[in-house]
Amino acid sequence: MIAGLFFAFIAGSLVGLQNIFNSKVNEHAGSWVTTTLVLGLGFLASLTLGLINDGRNLFIIHNMQIWCWFSGLIGVGVVVCLMNGIKLLGPTFAILLVMTSQLGFALLWDSLGWFGLVEVPFTLKQFIGVLVIMSGVLVFKLSERQKITRSKNRLIVKRSKKIIS
Amino acid sequence: MKGSLFALLGGALITLQGVANSRISQDIGTWQTATVTQFTGFIAALLILIFVRDRNWTKLKQVNPLYLSGGALGAFIIFSNITAIHHIGATLAISIVLIAQLCLTFIIDIKGWFGVLKQKMSLSQCIGIGLMIAGVVILRF
(Lines give C-alpha, C1' and ligand atoms only; values in the text may rest on other atoms or scores of the structure.)
Protein backbone atom coordinates (compact mmCIF):
# COMPACT_ATOMS: atom_id res chain seq x y z
CA MET A 1 0.00 0.00 0.00
CA ILE A 2 2.63 2.55 1.08
CA ALA A 3 4.88 1.46 -1.81
CA GLY A 4 2.01 1.99 -4.24
CA LEU A 5 1.28 5.48 -2.90
CA PHE A 6 4.99 6.33 -3.01
CA PHE A 7 5.44 5.28 -6.64
CA ALA A 8 2.23 7.04 -7.68
CA PHE A 9 3.50 10.22 -6.03
CA ILE A 10 6.86 9.95 -7.80
CA ALA A 11 5.14 9.32 -11.15
CA GLY A 12 2.86 12.34 -10.72
CA SER A 13 5.66 14.71 -9.72
CA LEU A 14 7.75 13.62 -12.69
CA VAL A 15 4.79 14.05 -15.06
CA GLY A 16 4.35 17.61 -13.75
CA LEU A 17 8.04 18.35 -14.26
CA GLN A 18 8.13 16.73 -17.69
CA ASN A 19 5.08 18.72 -18.84
CA ILE A 20 6.90 21.96 -18.07
CA PHE A 21 10.09 20.85 -19.83
CA ASN A 22 8.14 19.57 -22.83
CA SER A 23 6.20 22.81 -23.20
CA LYS A 24 9.52 24.69 -23.32
CA VAL A 25 10.75 22.44 -26.12
CA ASN A 26 7.35 22.71 -27.80
CA GLU A 27 7.56 26.52 -27.99
CA HIS A 28 10.63 26.26 -30.19
CA ALA A 29 10.38 23.00 -32.05
CA GLY A 30 6.69 22.13 -32.49
CA SER A 31 4.62 19.20 -31.22
CA TRP A 32 5.94 16.33 -33.31
CA VAL A 33 9.62 17.11 -32.95
CA THR A 34 8.97 17.32 -29.19
CA THR A 35 7.00 14.06 -29.07
CA THR A 36 9.61 12.19 -31.10
CA LEU A 37 12.42 13.51 -28.92
CA VAL A 38 10.58 12.72 -25.68
CA LEU A 39 9.69 9.16 -26.68
CA GLY A 40 13.15 8.54 -28.15
CA LEU A 41 14.89 9.67 -24.96
CA GLY A 42 12.42 7.74 -22.82
CA PHE A 43 13.21 4.65 -24.88
CA LEU A 44 16.98 5.12 -24.49
CA ALA A 45 16.67 5.73 -20.75
CA SER A 46 14.49 2.62 -20.28
CA LEU A 47 16.90 0.57 -22.37
CA THR A 48 19.86 1.72 -20.27
CA LEU A 49 18.14 1.16 -16.94
CA GLY A 50 16.78 -2.17 -18.16
CA LEU A 51 20.29 -3.30 -19.17
CA ILE A 52 21.68 -2.27 -15.78
CA ASN A 53 18.88 -4.06 -14.00
CA ASP A 54 18.21 -7.19 -16.11
CA GLY A 55 21.44 -7.47 -18.14
CA ARG A 56 21.03 -9.41 -21.36
CA ASN A 57 17.75 -10.84 -20.14
CA LEU A 58 16.24 -7.55 -21.28
CA PHE A 59 16.30 -8.89 -24.86
CA ILE A 60 14.63 -12.19 -24.02
CA ILE A 61 11.00 -11.47 -24.67
CA HIS A 62 8.90 -14.61 -24.35
CA ASN A 63 5.15 -14.91 -24.03
CA MET A 64 4.47 -11.32 -25.00
CA GLN A 65 1.23 -11.04 -26.93
CA ILE A 66 1.29 -9.38 -30.35
CA TRP A 67 -0.94 -6.46 -29.33
CA CYS A 68 1.69 -5.38 -26.80
CA TRP A 69 3.90 -4.15 -29.62
CA PHE A 70 1.15 -1.71 -30.57
CA SER A 71 0.52 -0.36 -27.09
CA GLY A 72 3.17 2.31 -27.70
CA LEU A 73 0.81 3.79 -30.28
CA ILE A 74 -1.57 4.76 -27.47
CA GLY A 75 0.96 7.42 -26.46
CA VAL A 76 0.84 8.89 -29.96
CA GLY A 77 -2.98 8.94 -29.72
CA VAL A 78 -2.66 10.84 -26.44
CA VAL A 79 -0.52 13.51 -28.12
CA VAL A 80 -2.98 13.95 -31.01
CA CYS A 81 -5.96 14.25 -28.66
CA LEU A 82 -4.26 16.67 -26.27
CA MET A 83 -2.92 18.85 -29.08
CA ASN A 84 -6.36 19.21 -30.66
CA GLY A 85 -8.17 19.50 -27.32
CA ILE A 86 -5.89 22.32 -26.16
CA LYS A 87 -6.10 24.08 -29.53
CA LEU A 88 -9.93 24.03 -29.47
CA LEU A 89 -10.61 24.59 -25.76
CA GLY A 90 -7.51 26.29 -24.36
CA PRO A 91 -5.18 24.58 -21.88
CA THR A 92 -7.23 25.01 -18.67
CA PHE A 93 -10.50 23.47 -19.85
CA ALA A 94 -8.78 20.83 -21.96
CA ILE A 95 -6.63 19.58 -19.06
CA LEU A 96 -9.63 19.77 -16.71
CA LEU A 97 -11.55 17.43 -19.02
CA VAL A 98 -8.51 15.19 -19.60
CA MET A 99 -8.02 14.71 -15.85
CA THR A 100 -11.72 14.11 -15.20
CA SER A 101 -11.80 11.54 -17.97
CA GLN A 102 -8.62 9.86 -16.63
CA LEU A 103 -10.27 9.36 -13.25
CA GLY A 104 -13.61 8.28 -14.69
CA PHE A 105 -12.06 5.58 -16.89
CA ALA A 106 -9.79 4.39 -14.08
CA LEU A 107 -12.86 3.85 -11.90
CA LEU A 108 -14.70 2.13 -14.78
CA TRP A 109 -11.88 -0.28 -15.59
CA ASP A 110 -11.11 -1.02 -11.93
CA SER A 111 -14.75 -1.95 -11.39
CA LEU A 112 -14.87 -4.11 -14.52
CA GLY A 113 -11.50 -5.71 -13.74
CA TRP A 114 -10.37 -5.23 -17.33
CA PHE A 115 -6.78 -5.55 -18.60
CA GLY A 116 -5.79 -7.86 -15.76
CA LEU A 117 -6.69 -5.28 -13.11
CA VAL A 118 -7.79 -6.70 -9.79
CA GLU A 119 -11.54 -6.21 -9.84
CA VAL A 120 -12.58 -3.62 -7.27
CA PRO A 121 -16.35 -3.80 -6.77
CA PHE A 122 -18.05 -0.50 -7.58
CA THR A 123 -19.40 1.07 -4.40
CA LEU A 124 -21.07 4.35 -3.51
CA LYS A 125 -18.01 5.25 -1.43
CA GLN A 126 -15.74 4.97 -4.46
CA PHE A 127 -18.12 6.94 -6.63
CA ILE A 128 -18.28 9.76 -4.07
CA GLY A 129 -14.48 9.68 -3.61
CA VAL A 130 -13.89 10.12 -7.33
CA LEU A 131 -16.54 12.88 -7.55
CA VAL A 132 -14.82 14.78 -4.72
CA ILE A 133 -11.43 14.42 -6.45
CA MET A 134 -12.95 15.66 -9.72
CA SER A 135 -14.46 18.67 -7.95
CA GLY A 136 -11.00 19.38 -6.50
CA VAL A 137 -9.52 19.38 -10.01
CA LEU A 138 -12.35 21.69 -11.12
CA VAL A 139 -11.75 24.22 -8.31
CA PHE A 140 -7.97 24.13 -8.91
CA LYS A 141 -8.16 24.57 -12.66
CA LEU A 142 -10.83 27.30 -12.61
CA SER A 143 -8.87 29.39 -10.12
CA GLU A 144 -5.80 28.95 -12.30
CA ARG A 145 -7.79 30.34 -15.22
CA GLN A 146 -8.93 33.35 -13.22
CA LYS A 147 -5.34 34.05 -12.22
CA ILE A 148 -4.15 33.91 -15.80
CA THR A 149 -6.88 36.30 -16.94
CA ARG A 150 -6.06 38.63 -14.06
CA SER A 151 -2.35 38.73 -14.84
CA LYS A 152 -3.15 39.32 -18.52
CA ASN A 153 -5.46 42.21 -17.55
CA ARG A 154 -2.72 43.68 -15.37
CA LEU A 155 -0.35 43.49 -18.32
CA ILE A 156 -2.87 45.25 -20.58
CA VAL A 157 -3.42 47.98 -17.98
CA LYS A 158 0.34 48.50 -17.65
CA ARG A 159 0.80 48.72 -21.39
CA SER A 160 -2.09 51.14 -21.88
CA LYS A 161 -0.74 53.34 -19.06
CA LYS A 162 2.57 53.46 -20.88
CA ILE A 163 0.87 54.40 -24.13
CA ILE A 164 -1.14 57.17 -22.43
CA SER A 165 1.86 58.64 -20.66
CA MET B 1 -17.84 20.02 -28.67
CA LYS B 2 -15.15 18.52 -30.87
CA GLY B 3 -12.53 19.85 -28.47
CA SER B 4 -14.27 18.18 -25.52
CA LEU B 5 -14.32 14.87 -27.36
CA PHE B 6 -10.59 15.12 -28.04
CA ALA B 7 -9.91 15.97 -24.39
CA LEU B 8 -12.11 13.15 -23.03
CA LEU B 9 -10.59 10.63 -25.43
CA GLY B 10 -7.12 11.88 -24.49
CA GLY B 11 -7.82 11.24 -20.81
CA ALA B 12 -9.20 7.79 -21.56
CA LEU B 13 -6.07 6.98 -23.57
CA ILE B 14 -3.73 8.14 -20.77
CA THR B 15 -5.48 5.78 -18.35
CA LEU B 16 -5.54 3.02 -20.97
CA GLN B 17 -1.80 3.45 -21.45
CA GLY B 18 -1.10 2.99 -17.73
CA VAL B 19 -3.41 0.03 -17.42
CA ALA B 20 -2.17 -1.65 -20.63
CA ASN B 21 1.45 -1.18 -19.54
CA SER B 22 0.75 -2.74 -16.19
CA ARG B 23 -0.97 -5.66 -17.98
CA ILE B 24 2.02 -6.17 -20.32
CA SER B 25 4.46 -6.09 -17.41
CA GLN B 26 2.72 -9.16 -15.97
CA ASP B 27 4.02 -11.13 -18.99
CA ILE B 28 7.42 -9.49 -19.40
CA GLY B 29 9.46 -7.35 -17.00
CA THR B 30 8.65 -3.76 -16.10
CA TRP B 31 11.78 -2.33 -17.77
CA GLN B 32 11.10 -4.44 -20.85
CA THR B 33 7.59 -3.00 -20.99
CA ALA B 34 8.87 0.56 -20.69
CA THR B 35 11.48 -0.10 -23.39
CA VAL B 36 9.13 -1.80 -25.87
CA THR B 37 6.22 0.64 -25.58
CA GLN B 38 8.39 3.72 -25.87
CA PHE B 39 10.23 2.18 -28.80
CA THR B 40 7.03 1.63 -30.81
CA GLY B 41 5.76 5.05 -29.76
CA PHE B 42 9.03 6.64 -30.90
CA ILE B 43 8.91 4.91 -34.30
CA ALA B 44 5.29 5.99 -34.81
CA ALA B 45 6.04 9.59 -33.84
CA LEU B 46 9.06 9.59 -36.16
CA LEU B 47 6.91 8.39 -39.09
CA ILE B 48 4.35 11.13 -38.40
CA LEU B 49 7.15 13.68 -38.16
CA ILE B 50 8.29 12.76 -41.67
CA PHE B 51 4.83 13.58 -43.02
CA VAL B 52 4.05 16.78 -41.15
CA ARG B 53 5.52 20.06 -42.28
CA ASP B 54 5.89 21.48 -38.79
CA ARG B 55 9.41 20.41 -37.95
CA ASN B 56 12.48 22.35 -37.20
CA TRP B 57 15.38 20.47 -35.70
CA THR B 58 17.72 23.44 -35.86
CA LYS B 59 15.61 25.38 -33.35
CA LEU B 60 16.29 22.69 -30.76
CA LYS B 61 19.70 24.29 -30.28
CA GLN B 62 18.01 27.32 -28.72
CA VAL B 63 16.44 25.21 -25.98
CA ASN B 64 18.14 24.71 -22.62
CA PRO B 65 19.60 21.15 -22.60
CA LEU B 66 17.92 20.50 -19.25
CA TYR B 67 14.51 20.90 -20.90
CA LEU B 68 15.56 18.74 -23.85
CA SER B 69 16.48 15.91 -21.52
CA GLY B 70 12.98 15.82 -19.97
CA GLY B 71 12.05 12.85 -22.14
CA ALA B 72 14.39 10.60 -20.17
CA LEU B 73 12.05 11.07 -17.19
CA GLY B 74 9.59 8.93 -19.15
CA ALA B 75 11.45 5.78 -18.10
CA PHE B 76 10.91 6.54 -14.40
CA ILE B 77 7.35 7.71 -15.00
CA ILE B 78 6.32 4.47 -16.72
CA PHE B 79 8.16 2.30 -14.18
CA SER B 80 6.56 4.11 -11.22
CA ASN B 81 3.13 4.17 -12.82
CA ILE B 82 3.16 0.42 -13.52
CA THR B 83 4.38 -0.37 -9.99
CA ALA B 84 1.76 1.90 -8.44
CA ILE B 85 -1.11 0.37 -10.45
CA HIS B 86 0.05 -3.13 -9.44
CA HIS B 87 0.01 -2.18 -5.76
CA ILE B 88 -3.06 0.01 -5.36
CA GLY B 89 -5.17 -0.30 -8.54
CA ALA B 90 -5.83 2.24 -11.28
CA THR B 91 -8.27 4.60 -9.53
CA LEU B 92 -6.15 5.27 -6.46
CA ALA B 93 -2.89 5.33 -8.44
CA ILE B 94 -4.21 7.89 -10.93
CA SER B 95 -5.75 10.01 -8.16
CA ILE B 96 -2.37 10.26 -6.41
CA VAL B 97 -0.60 10.90 -9.73
CA LEU B 98 -2.92 13.84 -10.42
CA ILE B 99 -2.52 15.26 -6.91
CA ALA B 100 1.28 15.08 -7.11
CA GLN B 101 1.21 16.56 -10.61
CA LEU B 102 -0.93 19.56 -9.62
CA CYS B 103 1.00 20.09 -6.36
CA LEU B 104 4.32 20.24 -8.18
CA THR B 105 2.99 22.58 -10.88
CA PHE B 106 1.52 24.74 -8.12
CA ILE B 107 4.86 24.95 -6.26
CA ILE B 108 6.76 25.71 -9.46
CA ASP B 109 4.24 28.48 -10.32
CA ILE B 110 4.59 30.07 -6.88
CA LYS B 111 8.39 29.87 -6.86
CA GLY B 112 8.67 30.84 -10.52
CA TRP B 113 11.16 28.03 -11.15
CA PHE B 114 12.30 27.05 -14.65
CA GLY B 115 11.45 30.48 -16.00
CA VAL B 116 7.68 30.08 -15.62
CA LEU B 117 5.65 33.22 -14.93
CA LYS B 118 5.70 33.63 -11.13
CA GLN B 119 2.21 33.61 -9.66
CA LYS B 120 0.73 34.32 -6.26
CA MET B 121 -0.65 31.48 -4.22
CA SER B 122 -4.42 31.49 -4.27
CA LEU B 123 -6.72 30.09 -1.60
CA SER B 124 -8.94 28.34 -4.12
CA GLN B 125 -6.00 26.35 -5.50
CA CYS B 126 -5.24 25.14 -1.97
CA ILE B 127 -8.92 24.26 -1.55
CA GLY B 128 -8.79 22.33 -4.83
CA ILE B 129 -5.81 20.25 -3.70
CA GLY B 130 -7.47 19.78 -0.27
CA LEU B 131 -10.63 18.46 -1.93
CA MET B 132 -8.58 16.01 -4.01
CA ILE B 133 -6.84 14.68 -0.90
CA ALA B 134 -10.21 14.39 0.87
CA GLY B 135 -11.48 12.39 -2.10
CA VAL B 136 -8.55 9.96 -1.81
CA VAL B 137 -9.29 9.54 1.90
CA ILE B 138 -12.92 8.73 1.06
CA LEU B 139 -11.78 6.26 -1.63
CA ARG B 140 -9.52 4.46 0.74
CA PHE B 141 -11.16 4.42 4.17
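We name chains A, B, ... by the order of the sequence lines, and we start the count at 1 in each one.
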- Task: Would you mind checking which part of B:Lys120 comes under 4.5 Å of any heavy atom in chain A, side chain (CB onward), backbone (N, CA, C, O), both or neither?
- Result: backbone
- Quick one: what part of A:Leu14 sits under 4.5 Å from any heavy atom of chain B, side chain, backbone, both or neither? both
- Closest approach of A:Phe115 to B:Leu16 (non-hydrogen atoms, all atoms of both residues): CZ-CD1, 3.3 Å
- Item | Options A:Gly116, A:Ser101, A:Gly85, ranked by heavy-atom pairs under 4.5 Å with chain B, top entry | A:Ser101
- Let me know if B:Gln125 has heavy atoms under 4.5 Å from chain A in its side chain, its backbone, both or neither. both
- Item | Residue selection (most heavy-atom pairs with chain A, distance under 4.5 Å) from B:Gln17, B:Gln62, B:Gln26 | B:Gln17
- Pick from A:Ser13, A:Gly16, A:Gly77, A:Ala94: which one has the most heavy-atom pairs with chain B under 4.5 Å? A:Ser13
- Query: Relative to chain A, which of B:Cys126, B:Ala20, B:Ala12, B:Gly115 shows the most heavy atom pairs under 4.5 Å?
  - Reply: B:Ala12
- Item | Greatest number of heavy atom pairs closer than 4.5 Å to chain B - which of A:Gln126, A:Lys125, A:Lys141 | A:Lys125
- Query: Which bit of A:Val76 comes within less than 4.5 Å of chain B, counting heavy atoms only: side chain, backbone, both or neither?
  - Reply: side chain
- Note on the structure: Cut-off 4.5 Å, heavy atoms of chain A, and the answer for B:Leu66 is both
- Query: If you tally heavy-atom pairs under 4.5 Å against chain A, which of B:Leu92, B:Leu68, B:Thr105, B:Val137 wins?
  - Reply: B:Leu68
- Item | chain A contacts, top residue of B:Ser4, B:Ala93, B:Ala44, B:Gly74 (heavy-atom pairs, under 4.5 Å) | B:Ser4
- Query: In this structure, are over 12 heavy atoms from other groups packed under 6.0 Å from A:Phe127 atom CZ?
  - Reply: no
- Message: Minimum heavy-atom separation for A:Gln18 and B:Gly70, please, with both atom names.
- Response: NE2-O, 3.1 Å
- Taking the side chain as C-beta and beyond, is there a heavy-atom pair between A:Trp114 and B:Val19 under 4.5 Å? no
- Message: Less than 4.5 Å to any heavy atom of chain A: does that hold for the side chain of B:Leu104, its backbone, both, or neither?
- Response: side chain
- Message: If we define contacts as heavy-atom pairs under 4.5 Å, which of A:Leu97, A:Val79, A:Leu88, A:Val98 has the most with chain B?
- Response: A:Val98
- Message: Using heavy-atom distances under 4.5 Å, tell me whether B:Leu8 contacts chain A through its side chain, its backbone, both, or neither.
- Response: both
- Message: Under the side-chain contact (heavy atoms from CB on, under 4.5 Å) test against A:Ile133, which residue among A:Leu103, A:Thr100, A:Leu107 passes?
- Response: A:Leu103
- Around B:Phe76, counting heavy atoms of other residues, nucleotides and ligands shown, do more than 12 lie under 6.0 Å from its CZ? no
- Highest number of heavy-atom pairs under 4.5 Å with chain B among A:Ala45, A:Ser135, A:Ala8 belongs to A:Ala8
- Side chain, backbone, both or neither: which part of B:Val116 has a heavy atom under 4.5 Å from chain A? both
- Note on the structure: For B:Ile82 and B:Ser25, the nearest pair of non-hydrogen atoms, with its separation, is CG2-OG, 3.2 Å
- Task: Among B:Gly10, B:Ala90, B:Gly130, single out the residue with the greatest number of heavy-atom pairs under 4.5 Å to chain A.
- Result: B:Ala90
- The side chain to side chain donor-acceptor pair (under 3.5 Å) partners of B:Asn21 (sequence neighbours excluded) come to none
- Query: Checking heavy atoms, do the side chain of A:Lys87, its backbone, both or neither come under 4.5 Å from chain B?
  - Reply: neither
- Item | B:Ile48, part contacting chain A, at a heavy-atom distance under 4.5 Å | side chain
- Message: Is it true that B:Gln38 and A:Ser46 share a donor-acceptor pair across their side chains at a distance under 3.5 Å?
- Response: yes
- Query: What part of A:Trp109 gets closer than 4.5 Å to chain B, counting heavy atoms only: side chain, backbone, both or neither?
  - Reply: side chain
- Item | Donor + acceptor pair across side chains of A:Asp110, B:Thr91 (<3.5 Å) | yes
- Under 30°, 30 to 60°, or over 60°: which ring-plane class applies to B:Tyr67 and A:Phe21, parallel, tilted or perpendicular? tilted
- Item | Most chain B-contacting option - heavy-atom pairs closer than 4.5 Å, from A:Val120, A:Thr35, A:Leu47 | A:Leu47
- Item | Nearest heavy-atom neighbours spanning A:Gly72 and B:Thr40 | CA-OG1, 3.2 Å
- Query: Take atom CE in A:Met1; do more than 12 heavy atoms of anything else shown fall under 6.0 Å from it?
  - Reply: yes
- Of the backbone (N, CA, C, O) and the side chain (C-beta and beyond), which part of A:Ile95 lies under 4.5 Å from a heavy atom of chain B, both, or neither? neither
- Item | Side chain to side chain, B:Met132 and B:Val136, heavy atoms closer than 4.5 Å | no
- Task: Name the member of B:Ser124, B:Ser22, B:Ser95 that forms the most heavy-atom pairs with chain A at distances under 4.5 Å.
- Result: B:Ser124
